[in-house]
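One structure is given here, and the rest of the page talks about it.
Numbering of residues begins at 1 and proceeds along the displayed sequence.
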Amino acid sequence: KAPSGSNDQSWQFVVVTDADVKAKIGERYLKTWKPYAKRLAKQNPGDTAIETMLRAVQWQIDHFDDVPAVVIPCLKGGRVPFAPTPFIAKSSYFGSVYPSVQNLLLAARSVGLGANIATGPMFTLGKMRRILELPRDVTPMCIVPMGWPKGRYGPTTRVAVGDVVHFDRYGNRSRPAGSGATR
């Protein structure tokens, strides 16, 4: 039921439960994760939120073989827009799949499943295509590992709405008179 660019609904989903295929995806995930995690830890020393996230993702990668299913949302048709493609073309392309990914994440949460989105394995797009045996006109966009959470969900913290909403122009935190909007 998610919206998509031009309402073309060009998404495709590959659900991976095969141990060998999951292992290959897990290898890609680990190879792209290591340098990213190292850089993030170095840039944020002592940040407990970052450290918690790094431990959680590392745990998932270390136990990737135990993940019951990995969903790979893909787009069918068209080509991945690269430079010098205008920004709007790139935004439209990627924006055509992520609303459906968000719906998948919300649906998983509603039934008690743990799920997250990871884009790291897409740094080696050609290898992911080969692992999944995708036709040339189907592009993997991210991975969504899914399963029953270990223990219980921890608290979900997000930045306050008032810290991310701007009215009429960036930086204006005052709501328009009569808008009914709350801070």
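In summary, the side chains of Asn116 and Gln60 do present a donor paired with an acceptor at a separation below 3.5 Å, with no hydrogens or angles considered.
Taking the six-membered ring where tryptophan is involved, the planes of Tyr170 and His166 are essentially parallel, since the angle between them stays under 30° and well short of 60°.
Taking CG of Asn44 as the start and CE of Met53 as the end, the distance is 8.5 Å to the nearest 0.5 Å. Here the CZ-CD1 distance, from Phe64 to Ile25, works out to 6.0 Å after rounding to the nearest 0.5 Å. Note: Lys22 NZ to Ile131 CD1 = 14.0 Å, rounded to the nearest 0.5 Å.
Pro73 has its side chain out of reach of Tyr98: every pair of non-hydrogen atoms, C-beta onward, lies at least 4.5 Å apart. The closest side-chain heavy-atom distance from Ile72 to Gln12 is not below 4.5 Å. Within the 4.5 Å cutoff, no side-chain heavy atoms of Ile143 are placed close to those of Ile117. Considering only heavy atoms from C-beta on, Val144 stays 4.5 Å or farther from Phe13 through its side chain. Using a 4.5 Å heavy-atom cutoff, the side chains of Cys142 and Val101 are in contact. A 4.5 Å side-chain heavy-atom check between Cys74 and Val138 finds at least one atom pair inside the cut-off.
Leu54 and Trp59 sit in two unconnected hydrophobic clusters of ILVMFWY residues. Membership requires side-chain heavy atoms under 4.5 Å apart, directly or through other members. Linking ILVMFWY residues whenever their side-chain heavy atoms come closer than 4.5 Å, directly or via other members, places Val161 and Val159 in the same cluster. The hydrophobic cluster containing Phe123 does not contain Val14, counting ILVMFWY residues as joined when their side-chain heavy atoms lie under 4.5 angstrom apart, directly or transitively. Under a hydrophobic-cluster definition in which Ile, Leu, Val, Met, Phe, Trp and Tyr are linked whenever side-chain heavy atoms come within less than 4.5 Å, directly or via other members, Val15 and Met141 are assigned to the same cluster.
The minimum heavy-atom distance linking Pro99 with Ala2 is given by the pair C-CB, 3.6 Å. Annotation for Tyr29 and Ala118: closest pair OH-CB, 3.6 Å, computed over non-hydrogen atoms. Counting all heavy atoms, side chain and backbone alike, Pro140 lies closest to Arg129 at CD-CG, 4.2 Å. Listed here is the closest heavy atom pair of Pro145 and Val67: CB-CG1, 3.9 Å. Across Leu105 and Ala115, no two heavy atoms sit closer than the pair CD2-CB, 3.8 Å. Closest approach of Ser96 and Trp11 over heavy atoms only: O-CE3, 3.4 Å.
Crowding of Gln43 atom CD: a count of heavy atoms from other residues, nucleotides or ligands under 6.0 Å exceeding 12.
Although no hydrogens or angles enter the test, the distance criterion places no donor-acceptor pair under 3.5 Å between the side chain of Asn172 and the main chain of Asp168. Arg28 contributes no side-chain N or O that, together with a main-chain N or O of Lys127, makes up a donor-acceptor pair within less than 3.5 Å. The backbone N or O of Ile50 lies less than 3.5 Å from a partner atom in the side chain of Asp47, making a donor-acceptor pair.
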Requested in this report: Could you walk me through whether Met146 and Val71 pass side chain to side chain contact (heavy atoms under 4.5 Å, CB included), step by step?
Outcome: CA-CA 7 Å; Met146 300 181 95; Val71 179; 3.6 Å; yes
